[in-house]
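Okay, structure first, notes after.
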Amino acid sequence: MEKFPEINEALIEWFKSTRANNTPISGALIRQKAMEIEDALGTKDFYASNGWIDKFRVRNNVAFRALYGEAADDDEKLCEDWTTRLPLLLARCTDKDIFISKPV
C-alpha cells in the first residue's frame, strides 16, 4: 500500500495530460511536479527520491519512451549526455557485440 495516495493520484493525472500533449517527461520533471503537488496539498514527510520515482513508475506502468513529432525534438543536453555515456557503454562490449547497420 502506498504511503501518499493523494500525491500519486494527482501526479498520474498530470502525467497523462502532459504525455497526451506529446511533451517529454523525465524523472527530474516527475520529481519537481511531485514536490509541487506535495506543497499544494500540505503533505508532511514526503520526498520524491529516486526510489519513490521508480516505485511510482512500476505502480502506474509509466515508461519513459522516445516521443515523435515536433514536441519530441532532440534535447541538446540529452545529446551531450550521450557523448559521455556511449564510450562507457561501448567499453563493456567486444567488437563482435557491436553491429553497424548499412543503408539499403
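All heavy atoms count here, side chains included; hydrogens, waters and symmetry mates do not. In this chain, numbering begins with 1 at the start of the sequence shown.
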Value for OG (Ser49) from NZ (Lys55), rounded to nearest 0.5 Å, stands at 7.0 Å
Are Ile25 and Val58 grouped together when hydrophobic residues (ILVMFWY) are joined by side-chain heavy atoms under 4.5 angstrom apart? no
Tell me, please, which residues at least two apart from Asn60 pass side chain to side chain donor-acceptor pair (under 3.5 Å). Asn8
Pairs involving residues 22-41, ordered by first then second residue, that meet salt bridge (Lys or Arg N to Asp or Glu O under 4.0 Å) (sequence neighbours left out): Lys33-Glu36
Could you tell me which residues satisfy side-chain contact (heavy atoms from CB on, under 4.5 Å) with Glu9, sequence neighbours excluded, listed by chain and number? Pro5
Return all side-chain donor-acceptor pairs below 3.5 angstrom for residues 10-18, not counting sequence neighbours, or 'none' if the list is empty.
unit_1	atom_1	unit_2	atom_2	d
Trp14	NE1	Thr18	OG1	3.2
Ser17	OG	Glu13	O	3.4
Ser17	OG	Trp14	O	3.1
Thr18	OG1	Trp14	O	2.8

Partner set under side-chain contact (heavy atoms from CB on, under 4.5 Å) for Glu6, not counting sequence neighbours: Leu41
For Phe46, the ring pair (Phe, Tyr, Trp, His ring centres under 6.0 Å) test, sequence neighbours excluded, returns Phe4, Trp52
